[in-house]
Amino acid sequence: MTRYASLLSLLALAACTAATVATTDRGSTSVSVDRIASDIRTVSSDAFLGRAPATRGEELTTVYIRDRLIAAGVQPGGPNGSWFQEVPLSQSDIVGTPSLSITVNGQTTPLQQGEQIAIRASMLDVDRVDLQNAPLVFLGYGVRAPERSWDDFKGENMRGKVGVVLINDPDFETGQGDFGGKAMTYYGRWTYKYEEGARQGLAGVLVVHETAPASYGWATVKNSNTNTMFDIVRANPAEVHPLVEGWIQRDEAVRIFNAAGQDFDALKRRAQTREFRPVPLGNATFSASYQVRRQSIRSKNILGRLAGTTHPDETILYGAHWDHLGIGAPDARGDSVYNGAVDNGTGIAAVLELSRIFAAGPRPQRSIVFAFWAAEEKGLLGSEYYASNPVYPLEKTVAGFNIDALSPTGRARDVSVVGSGQTDIEDRLQVVLAANNRTMTPDASPEAGYFFRSDHFPMAKRGVPMLYMDSGIDLLTGGTAAGNAFDQAYRRDAYHQPADEYNPATWNLAGIAEDVGVLHQLGMQLANSREWPNYRTTSEFRPVRDKSVSTRR
Ligand SMILES: [Zn+2]
């Protein structure tokens, strides 16, 4: 199709996506504000108990979503004709207080869990960790990026050692270089540092905490690393996890470097260059000893599907996580239900609405899959499980759309794209937006790496072109001032708190309905084309996508 022809069909589609009210689940191809409101209100009600995995809240939520998919006229999309993909999870806790210490020049200094150091309960299949006097080696940013001709390891043998690495990527501080300047590439994320450490055979990886490049303070590190750890059940967890994973305070790291006769700041500057090679920290060693309690729990992804007419083996994927935090500590009002209305009742409702309008319209050439991911709040685990055990081949997944926490702020002139600059899906998005007299706003804080922190990412990491579109901030009523004010108030007063609740008095869902319309048009266009979107040549995910290019025609 020429661009002109596709623009005409987009305009035709745009004409029929004005938000109108539909009274039944089936039959209407228009986006319905009322159906979206009803789904959000239901899944975020107290009756759903905050939708925590492996609880009664999971049972209620997954049955509700399945029933809405059946009512929409969508077919089961899970393995063996089922609606569900079982997601086995493992849960690990450190029993008691771990014994942790550093020895330099014969002098042993104990480290206090949560204070100078934060060690995560081991994700390996072990019930005890006993690491005695493992040599410490400074590994710069701990990055191996062949497409950028960058290798901090230089092929040296890392077996049995504990690597000390810096957070963010090598050009964060200088602001320019091969890693997107201030913007964070995946090489800057702590999850990457541990994964690469495992590939290198390290016994442990300690990430040095510095507030600016991490984008959060030590309190966040302490809170999210010293409690229960979750992972999907993996055939070989050592492929992605070293035995010991943790963070160390900058001041403590500086002390160790000094005692080992090294200068932290000088070594950091060297680490910002390609010439960097691993630096043994004198005779410094690290020891850790603690017991691990392991348990398995089960959760599930929900999958619905509409088979394509001519290319059913090629998939457009829409996904949103269904889980939230469950019942927890009460807030000042005494409310202990973490309803998760915005996060991610809005996403559940948006994907359900997409399933209804796709099912009601003419069937596209490629298949459409509607996914509701488990355990996002525990570390993107449902989507990670799907990406490790894909029901539909990832090489032939044309594109995916992630919806996580849309704003009930009414119509906006724009949409935001988290992690903008990654894929050329954005170019197509801009054509659709232009046809609707709207615009795209790039990621407002690319240095924080939000692209690596929601459910599209497990697929993105494996090369599937993924778009994480979020609500716009330039509101028709009140402009960017009103959009930003809502964002700030939500982060402060409701995000991950019992107050993230549906409020019919203040909410306006017309903007969400319009965004659903945009995602529908974009997916429909791709589903009726022979196009294969891709990562841009500057993206760290382009090489992995290109490896499977011969499977796509
Ligand atoms: Zn979320």
Quick check: does any side chain N or O of Lys378 sit under 3.5 Å from a backbone N or O of Phe230, one acting as donor and the other as acceptor? no
Backbone N/O of Ala405 and side chain of Asn344: donor-acceptor pair under 3.5 Å: yes
Which atom pair, heavy atoms only, marks the closest approach of Leu139 to Pro278? CD2-CB, 3.7 Å
Would you find a donor on one side and an acceptor on the other, under 3.5 Å apart, between the side chain of Thr423 and the backbone of Ile425? yes
If you look at every heavy atom in Asp265 and Asp263, which pair is closest and at what distance? N-OD1, 3.0 Å
State whether Glu376 and Arg453 are salt-bridged, where the test is any N-O pair (Lys NZ or Arg NE/NH1/NH2 against Asp/Glu carboxylate O) under 4.0 Å. no
Which class fits the ring pair Tyr187 and Tyr192: parallel under 30°, tilted 30 to 60°, perpendicular over 60°? perpendicular
Donor-acceptor check, side chain of Asn339 to backbone of Ala341, threshold 3.5 angstrom: yes or no? no
Should Glu115 and Lys222 be marked as a salt bridge (charged side-chain N to carboxylate O under 4.0 Å, His left out) after you check the CA-CA gap, both sets of side-chain angles, and the distance that decides it? CA-CA 8 Å; Glu115 299 310 315; Lys222 174 182 173 172; 3.3 Å; yes
Looking only at heavy atoms, the pair that brings Gly345 and Ile40 closest together is O-CG1, 3.7 Å
Under 3.5 Å: donor-acceptor pair, side chain of Tyr290, backbone of Ser122: yes
Could you tell me whether Lys461 sits above the aromatic face of Phe541, with NZ or CZ closer than 6.0 angstrom to the six-membered ring centre and within 45 degrees of the axis? no
A quick test of your reading: do over 12 heavy atoms of other residues, nucleotides or ligands sit less than 6.0 Å from CZ of Arg462? yes
With no hydrogens and no angle check, is any side-chain donor or acceptor of Asn157 less than 3.5 Å from a backbone partner on Arg159? yes
For Leu394 and Ala387, work out which heavy atoms get closest and say how close. CD1-O, 3.5 Å
Between Ser383 and Asp455, is there a side-chain donor-acceptor contact under 3.5 Å, judged purely by atom types and distance? yes
Considering all heavy atoms of both residues, which atom of Leu406 and which atom of Ala350 are nearest to each other, and what is their separation? CD1-CB, 4.2 Å
Using the test side-chain hydrogen bond (donor to acceptor under 3.5 Å, both in side chains), find all partners of Asp424 that sit at least two apart in sequence or belong to another chain. Arg428
Do you see a donor-acceptor pair shorter than 3.5 Å between the side chains of Asn402 and Ser454? yes
Partner of Tyr186 under ring-ring contact (aromatic ring centres under 6.0 Å, His included), picked from Phe179, Phe457, Tyr535, Phe451, is Phe457
Electrostatic pair Lys193:Asp152 at N-O distance under 4.0 angstrom: no
Take Asp414 and Thr439 through the test side chain to side chain donor-acceptor pair (under 3.5 Å) and record every step on the way to the result. CA-CA 5 Å; Asp414 61 337; Thr439 57; 5.4 Å; no
May I ask you to test the Val244-Val205 pair for a side-chain heavy-atom distance under 4.5 Å? no
Tell me yes or no: between the side chains of Gln422 and Ser539, is some donor less than 3.5 Å from an acceptor? yes
Sort out for me which residue in Arg277, Lys161, Arg144 forms a salt bridge (charged side-chain N to carboxylate O under 4.0 Å, His left out) with Glu156. Arg277
Do Asp323 and Lys300 pass the salt bridge (charged side-chain N to carboxylate O under 4.0 Å, His left out) test, and can you show the C-alpha distance, the side-chain angles, and the key distance before you say yes or no? CA-CA 10 Å; Asp323 70 305; Lys300 43 184 170 306; over 6 Å; no
So that I can tick it off, tell me whether Asp169 and Arg148 are bridged by a salt bridge, with the cut-off set at under 4.0 angstrom between side-chain N and carboxylate O. no
Answer yes or no: is there an ion pair linking Glu395 with Arg545, defined by an N-O contact shorter than 4.0 Å? no
Distance only, no hydrogens: is a donor on one side chain within 3.5 Å (strictly under) of an acceptor on the other, for His241 and Asp231? yes
Heavy-atom closest contact (Asp443 atom, Gly419 atom, distance): OD2-N, 2.6 Å
Could you go step by step and tell me if Glu196 and Gln200 meet the side chain to side chain donor-acceptor pair (under 3.5 Å) rule? CA-CA 6 Å; Glu196 189 58 44; Gln200 298 288 337; 2.9 Å; yes
I'd like to know if the side chain of Gln113 reaches the main chain of Ile119, judged simply by a donor and an acceptor atom lying under 3.5 Å from each other, with no hydrogens or angles considered. yes
Give every residue pair that meets the ring pair (Phe, Tyr, Trp, His ring centres under 6.0 Å) criterion with at least one member in residues 391-426, sequence neighbours excluded. Tyr318-Phe401
Quick one, Lys268 with Glu173, criterion salt bridge (charged side-chain N to carboxylate O under 4.0 Å, His left out). Give me CA distance, side-chain angles, the key distance, then yes/no. CA-CA 10 Å; Lys268 183 198 267 190; Glu173 294 207 342; 2.8 Å; yes
With a 4.0 Å cut-off on N to O distance, would you call Arg51 and Glu377 a salt bridge? no
Does the side chain of Val137 come within less than 4.5 Å of Val162's, by heavy atoms? no
Residues Arg250 and Glu210 bridged, charged N to O under 4.0 Å: yes
Please assess Val129 against Leu243 for the test side chain to side chain contact (heavy atoms under 4.5 Å, CB included), listing each intermediate value before the final yes or no. CA-CA 8 Å; Val129 168; Leu243 176 66; 3.9 Å; yes
Are a donor atom and an acceptor atom from the side chains of Asp500 and His324 found within less than 3.5 Å of each other? no
Taking side chain as C-beta onward, heavy atoms only, is Trp322 less than 4.5 Å from Trp373? no
I'd like to know whether Val208 forms a side chain to side chain contact (heavy atoms under 4.5 Å, CB included) with Phe264, so could you lay out the CA-CA distance, the side-chain angles of the two residues, the decisive distance to 0.1 Å, and finally the verdict. CA-CA 11 Å; Val208 179; Phe264 179 81; 4.0 Å; yes
Would you say Glu501's side chain and Tyr338's backbone share a donor-acceptor pair under 3.5 angstrom? no
Any side-chain heavy atom of Trp247 sitting closer than 4.5 Å to one from Asn225? yes
Less than 4.5 Å apart, any side-chain heavy atom of Pro446 and any of Lys182? no
With the threshold set at 4.0 Å, does a side-chain nitrogen-carboxylate oxygen contact exist between Arg413 and Glu514? no
Test Arg120 against Glu245 for salt bridge (charged side-chain N to carboxylate O under 4.0 Å, His left out), laying out the working first. CA-CA 6 Å; Arg120 299 158 71 80; Glu245 299 174 328; 3.7 Å; yes
Between Asp93 and Arg294, does any NZ, NE, NH1 or NH2 come within less than 4.0 Å of an OD or OE carboxylate oxygen? no
Whether Arg274 side chain and Ser149 backbone form a donor-acceptor pair below 3.5 Å: yes
SB check Arg542 Asp546 (cutoff 4.0 Å): yes
Side chain to side chain contact (heavy atoms under 4.5 Å, CB included) between Asp404 and Tyr468: does it pass, once the steps are laid out? CA-CA 8 Å; Asp404 192 357; Tyr468 179 12; 3.6 Å; yes
Give a yes or no on whether the backbone of Thr174 and the side-chain of Asp171 come within a donor-acceptor separation of less than 3.5 Å. no
Chi angles and distances behind the side chain to side chain contact (heavy atoms under 4.5 Å, CB included) call for Leu467, Val417: CA-CA 7 Å; Leu467 182 77; Val417 169; 4.0 Å; yes
